[in-house]
J.: 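My questions all concern the structure below.
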Amino acid sequence: MSKSRKSLLAAAAASLLALPAHAQGDPDNGAQVFKKCLACHAVGENAKHKVGPHLNDLFGRTAGGLGDYKYSNAMHEAGENGLVWEDETLHDYLADPRGAVKGTKMAFAGLKKEDELRDVVAYLRTFSSEDAAATGASPVSGQEPEPTPQSDAPDVAATEPAAAQAVAAAGGTATEPGVGLAYGLGRRATEDEVAAWDIDVRPDGMGLPDGSGTVGEGDMLFQEQCASCHGVFGEGAGRWPVLAGGQGTLTDERPEKTIGSFWPYLSTVFDYIRRAMPFGNAHSLTDDEVYALTAYLLYMNDVVADEEFELSKENFSEIELPNAANFIDDDRDSEPHYAAKADPCMRDCKDTPAEIVMRARILDVTPGSVDDDGAGAGAVD
Amino acid sequence: MGKGNGIDRRRLLTAGLAAGGAALAPRAVAGEGDPAILEVQDWTRYLGDGVQARPYGVPSEFEAHVVRRDVEWLTAATESSVNFTPIHELDGIITPNGLCFERHHAGIAEIDPADHRLMINGLVDQPLVFTMEDLKRLPRENRVYFLECAANSGMEWRGSQLNGAQYTHGMVHCVMYTGVPLRTILGEAGIKASGKWVLAEGADASVMTRSIPIEKAVDDCLVAFMMNGEALRPEQGYPLRLVVPGWEGNMWVKWLRRIEVGDLPWHQREETSKYTDLLPNGKARRFTWVMDVKSVITSPSPQMPISHGPGPLVISGLAWSGNGRITRVDVSLDGGRNWRRARIDGPSLPKALHRFYLDIDWDGRDLLLQSRAIDEDGFVQPSKEELRAVRGENSIYHNNGIQTWHVKPDGSSENVEVS
């Protein structure tokens, strides 16, 4: 722990004596506990909102009270119902966030240990000017705290920015670039390193490399590199994936899910070929070759009709796949058998005795059974 | 297989069980006395192996039939395929490391931890690279979680097909992970306020990727390097894998090499063309992450015939839910007409397997065994008919319907569906 923190905390400690018993935590320990929160919350000088709001001047603030942070509706309602952050309310919230404010978007499961709760509350209090006003220590405003009689620290250190103090207290050295903010671990990734691994492409085109390729070039490549598994026309050999055709079959008894019939985004095609194809020789194609193969797959799926078509970074995002609009978000919870959440029947739940209507042995596709050479239906991916 | 007891278990299953059952479980011989007692056995007279004969211990030769198995017709190549945990042979809630089912997309990557890196990039204050040594200096946690492939039971949508709990429900395992919260690692890099999603990426030749919302990433995800107290097995992503508790196994990226923070999902192959659930109207659900409440009776089951005849019978099974704890399991002996509460035994941990038992006095007559789990959020495991009524037969994923085993008077069982 840095000397500056000591002086700050000693000053804060004086005011803590007057607080409820459960609030008398150790801010220094609290700085350690707060590392669990650092991914989403910042405190100290220049602290900004991250996944969660910054926590400066938290004490005395109404829940959901920062205008420039987008809280959950639940947090706004809690504030409207009178929730104000103080030692006790913060303690209870952090002990069980989803229990205390039902519907909060904070994903954190909560702190289960009483001393950790006390300590982190005490730590956060050191970043509240309400508290600072009471003690003369104001890390947020940058005002120099008066050295207190309890402090053995040189007051020069107390002028360090609060953020640096917080990090120093946590044992880190974030003032040096390229090391972890809380523990000082890891090193900064170079631009070349990031470029070597970050090859993902999104539907909006983010991540597309420079380059281009034509349907014709793609046809040549496909026959050389892909057709042995996927078939000359993308029809798939054996159980290898079918890539083309199948449009209009999604409501059939046996749907054919291909790039043309099912896949929502072209970026997925490009991204997947570049990261994982050809099977067993990944990362061997040039970006132009990936553009060419993607162009050929569009042609095979009748998304483009022109054999001269050239796909490039420039025109890529203009292309829409036919099934893009047919994906919906997870609504399993609304299914009748889930929505009821009723206590299930225990007695005489069927009018008549249950009868067997289907047997696995009829199909007999279980490995090791008498005739297991037949193939069953279904897939695992 | 089955070398130890001299019986090919698979043959046994198809040839009927009357004789085999007796050979599998010899009774103490009455009258003239049991030679197992009256004769001095070799292992009672002679010395066995000393220490270090087995520096890394393996199960008894008499357990040689307890292995992962695959279904060859399912996939085109073993490097992009799946096998199944022998859940019918196991008990308790922890799966032994060597029996955890495998799902690879480009074979098992064999990585020297000295050459492994984890990169954090994207919408972060500073892109970082961690070595394995770095990661092991961060505060770690121990958590027990089940991992279930979203396609577990996927071959049963059209009806009962595979004869064995290993095949119908064996794409699940449950171990204790040791790892660092993903939240801690992201905290080292600093997530920018615009960061709403992360992309997890593996180092194997499929360079597996999945988009995960930031709320989940900072909630309970772990970056794990140990399972059941020892290093991850290569099949499970050695030296580093992502743990995404309660969510579909495909997201638990193995050989984890990179986490990117972004403002939108990436719509990668495994979350568009795969792991989306086609409905009868042609629409497909996407981002169906949570594994629903589910259970299965593991014994008796087609691969675990009753060998002892009528009398005391232990019905044993597994239950789990991606929502949290299992609060109750009911078992039916008559195909779902009447139910009784089973006994959950052992630890009840959120998003972990639960072991249940129903101890009955079997009268030797036909049974239509079913189990039905309820989780702490009040979700009740549905029947297969209820699922099909909404989802049809082409969803592939998330089949958590109630399983039925027909137990016959000879002690054998079959995978069936009932009215």
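The structure presented is a predicted model; accordingly, all values stated were derived computationally and were not measured. Chain identifiers are assigned alphabetically (A, B, ...) following the order of the sequence lines, protein sequences preceding nucleic acid strands; residue numbering begins at 1 within each chain.
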J.: Rounded to the nearest 0.5 Å, what separation is found between the NZ atom of K50(A) and the CG atom of L186(B)?
T.: 10.0 Å
J.: Is W197(A) close to chain B through its backbone or its side chain, or both, or neither, when contacts mean heavy atoms under 4.5 Å?
T.: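 Both parts, backbone and side chain.
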J.: Tell me whether the guanidinium CZ or amine NZ of R269(B) lies under 6.0 angstrom from the six-membered ring centre of Y272(A) and within 45° of its axis.
T.: yes
J.: Is a side-chain donor-acceptor pair under 3.5 Å present for D271(A) with Q268(B)?
T.: yes
J.: So, does N338(B) use its side chain to make a donor-acceptor pair with the main chain of D348(A) at under 3.5 Å?
T.: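 The answer is yes, because a donor-acceptor pair under 3.5 Å joins these two groups.
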J.: So what's closer than 4.5 Å to chain A heavy atoms on P139(B): side chain, backbone, both or neither?
T.: side chain
J.: State whether R286(B) and D329(A) are salt-bridged, where the test is any N-O pair (Lys NZ or Arg NE/NH1/NH2 against Asp/Glu carboxylate O) under 4.0 Å.
T.: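 Looking at D329(A) together with R286(B), the answer is yes, because their closest N to O distance falls below 4.0 Å.
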J.: Which region of D330(B), side chain (C-beta onward) or backbone (N, CA, C, O), has a non-hydrogen atom less than 4.5 Å from a non-hydrogen atom of chain A, or is it both or neither?
T.: side chain
J.: Is the shortest side-chain heavy-atom distance between Y183(A) and D134(B) below 4.5 Å?
T.: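 Y183(A) vs D134(B): side chains apart.
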J.: Can you tell which part of I214(B) gets under 4.5 Å to a heavy atom of chain A, answering side chain, backbone, both or neither?
T.: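 Contact with chain A involves the side chain of I214(B) alone.
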J.: Within the distance-only criterion (no hydrogens, no angle test), does the side chain of K341(A) pair as donor or acceptor with the backbone N or O of D377(B) below 3.5 angstrom?
T.: yes
J.: Using non-hydrogen atoms and a 4.5 Å limit, figure out which bit of L368(B) sits close to chain A: side chain, backbone, both or neither.
T.: side chain
J.: So which residue, I199(A), L250(A), N326(A), T352(A), ends up with the most heavy-atom pairs under 4.5 Å with chain B?
T.: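 Most pairs with chain B among the choices: N326(A).
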J.: Among M277(A), E253(A), K105(A), E355(A), single out the residue with the greatest number of heavy-atom pairs under 4.5 Å to chain B.
T.: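 Sorted descending by pairs with chain B, the first entry is E355(A).
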J.: Using side-chain heavy atoms (C-beta onward) and a distance below 4.5 Å, is F327(A) in contact with R285(B)?
T.: no
J.: Tell me, do R328(B) and P344(A) make a side-chain contact under 4.5 Å, heavy atoms counted?
T.: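 When only atoms from C-beta onward are counted, P344(A) and R328(B) do touch, with a gap below 4.5 Å.
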J.: Which atoms of I185(B) come close to chain A, meaning under 4.5 Å heavy atom to heavy atom: side chain ones, backbone ones, both, or neither?
T.: neither
J.: Given that the side chain runs from C-beta out, which part of R257(B) has a heavy atom under 4.5 Å from chain A: side chain, backbone, both or neither?
T.: both
J.: Can you label the angle between the Y265(A) ring and the H267(B) ring as parallel, tilted or perpendicular, going by 30° and 60°?
T.: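 Because their plane-to-plane angle lies in the 30° to 60° range, the rings of Y265(A) and H267(B) count as tilted.
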J.: Against chain A, label V380(B) side chain, backbone, both or neither, depending on which of its atoms sit under 4.5 Å from a heavy atom there.
T.: both
J.: With a distance cut-off below 6.0 Å to the six-membered ring centre and an angular limit of 45° from the axis, does R239(A) pair with W73(B) as a cation-pi contact?
T.: no
J.: Please classify the contact of V269(A) with chain B as side chain, backbone, both or neither, using a heavy-atom distance under 4.5 Å.
T.: neither
J.: Any salt bridge between K48(A) and D125(B), counting N to O under 4.0 Å?
T.: no
J.: If I measure from the heavy atoms of chain B, does A342(A) come under 4.5 Å with its side chain, its backbone, both, or neither?
T.: backbone
J.: Donor-acceptor pair, distance only, cut-off 3.5 Å: does the side chain of K350(A) make one with the backbone of G335(B)?
T.: yes
J.: Would you say that R188(A) contacts P127(B) through its side chain, given a criterion of any heavy-atom pair below 4.5 Å between the two side chains?
T.: yes
J.: Would you mind telling me which of P255(A), G238(A), G280(A) has the largest number of heavy-atom pairs within less than 4.5 Å of chain B?
T.: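 Max contact count across the listed options: P255(A).
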J.: At a heavy-atom separation under 4.5 Å, does D343(A) approach chain B through its side chain, its backbone, both, or neither?
T.: side chain
J.: Is it the backbone or the side chain of C229(A) that comes under 4.5 Å from a heavy atom of chain B, or both, or neither?
T.: neither
J.: Tell me, for N152(B) versus chain A, whether the close heavy atoms (under 4.5 Å) come from the side chain, the backbone, both or neither.
T.: neither
J.: Any non-hydrogen side-chain atom of D292(B) less than 4.5 Å from a side-chain atom of Y338(A)?
T.: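 Result yes, sub-4.5 Å side-chain heavy-atom pair found.
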J.: If I measure from the heavy atoms of chain B, does T249(A) come under 4.5 Å with its side chain, its backbone, both, or neither?
T.: neither
J.: Which atoms of E260(B) come close to chain A, meaning under 4.5 Å heavy atom to heavy atom: side chain ones, backbone ones, both, or neither?
T.: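 Contact with chain A: side chain only.
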J.: To the nearest 0.5 Å, how far apart are CG in L264(B) and CE in M206(A)?
T.: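 The distance works out to 8.0 Å.
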J.: Measure across T268(A) and T272(B) and return the closest heavy-atom pair with its distance rounded to 0.1 Å.
T.: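 The pair with the smallest heavy-atom distance is CG2-OG1, 3.4 Å.
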J.: Taking all non-hydrogen atoms of both residues, which atom of C345(A) and which atom of R372(B) are closest, and how far apart?
T.: O-NH2, 3.0 Å
J.: Please report the closest heavy-atom contact between T276(B) and K257(A), naming both atoms and the distance.
T.: O-NZ, 4.4 Å
J.: For a quick test of reading the model, state the closest non-hydrogen atom pair linking F279(A) to S80(B) and the distance between them.
T.: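 Heavy atoms of F279(A) and S80(B) come nearest at CZ-CB, 3.8 Å.
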J.: If I measure from the heavy atoms of chain A, does E386(B) come under 4.5 Å with its side chain, its backbone, both, or neither?
T.: both
J.: For the residue pair H283(A) and V207(B), establish whether any side-chain heavy-atom pair is separated by less than 4.5 Å.
T.: yes
J.: Taking 4.0 angstrom as the limit, do R275(A) and E201(B) come out as a salt bridge?
T.: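 Answer for the salt bridge query: yes.
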J.: Quick one: does R332(A)'s side chain have a donor or acceptor within less than 3.5 Å of a partner on V290(B)'s backbone?
T.: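 Checked: pair present.
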J.: Could you measure the distance from the CG atom of D198(A) to the CG atom of N121(B)? Nearest 0.5 Å is fine.
T.: 4.5 Å
J.: Need one label for L182(B): side chain, backbone, both or neither, based on atoms under 4.5 Å from any heavy atom in chain A.
T.: neither
J.: Would you mind telling me which of V201(A), I356(A), N323(A) has the largest number of heavy-atom pairs within less than 4.5 Å of chain B?
T.: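 Of the options given, most contacts go to I356(A).
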J.: A189(B) versus chain A, heavy atoms under 4.5 Å apart: side chain, backbone, both or neither?
T.: backbone
J.: Can you tell me which portion of P280(B) sits under 4.5 Å from chain A's heavy atoms? Options are side chain, backbone, both or neither.
T.: backbone
J.: Does any heavy atom of chain B fall under 4.5 Å from the side chain of K36(A), the backbone, both, or neither of them?
T.: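 K36(A) touches chain B through backbone and side-chain heavy atoms alike.
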J.: Is R202(A) salt-bridged to D263(B), cutoff N-O under 4.0 Å?
T.: yes
J.: Who among E215(B), R341(B), E393(B) has the most heavy-atom pairs with chain A under 4.5 Å?
T.: E215(B)
J.: Could you tell me whether a side-chain N or O of E188(B) sits under 3.5 Å from a main-chain N or O of V179(A), the two making a donor and an acceptor?
T.: no
J.: I'd like to know if R117(B) pairs up with E193(A) as an ion pair, taking the criterion as any Lys NZ or Arg NE/NH1/NH2 lying under 4.0 Å from an Asp or Glu carboxylate oxygen.
T.: no
J.: Looking only at heavy atoms, which two atoms of C349(A) and G336(B) are closest? And how far apart?
T.: CB-O, 3.6 Å
J.: Measuring heavy-atom distances to chain B, does D351(A) have an atom under 4.5 Å in its side chain, in its backbone, in both, or in neither?
T.: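 Backbone only.
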J.: Look up atom CG in D277(B) and atom CD1 in I328(A), then write down how far apart they are to the nearest 0.5 Å.
T.: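 If we round to the nearest 0.5 Å, D277(B):CG and I328(A):CD1 are 9.5 Å apart.
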J.: Mind checking whether P336(A) and V390(B) have side chains closer than 4.5 Å, heavy atoms only?
T.: yes
J.: Heavy-atom distance under 4.5 Å to chain B: side chain of A325(A), backbone, both or neither?
T.: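 Contact with chain B involves the backbone of A325(A) alone.
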J.: By a 4.5 Å heavy-atom criterion (distance strictly below it), what part of A276(A) contacts chain B: side chain, backbone, both, or neither?
T.: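 Contact with chain B: backbone and side chain both.
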J.: Give me the atom names and distance for the closest heavy-atom approach of D200(A) to W266(B).
T.: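 The pair with the smallest heavy-atom distance is OD1-NE1, 3.0 Å.
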J.: Sort L278(B) into side chain, backbone, both or neither according to what part of it lies under 4.5 angstrom from a heavy atom of chain A.
T.: side chain
J.: Evaluate the side-chain proximity of V194(A) to M119(B): yes if any heavy-atom separation is below 4.5 Å, no if none is.
T.: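 Yes, side chains in contact.
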J.: How many angstroms lie between atom CG of N415(B) and atom OG1 of T366(A), to the nearest 0.5 angstrom?
T.: 7.5 Å
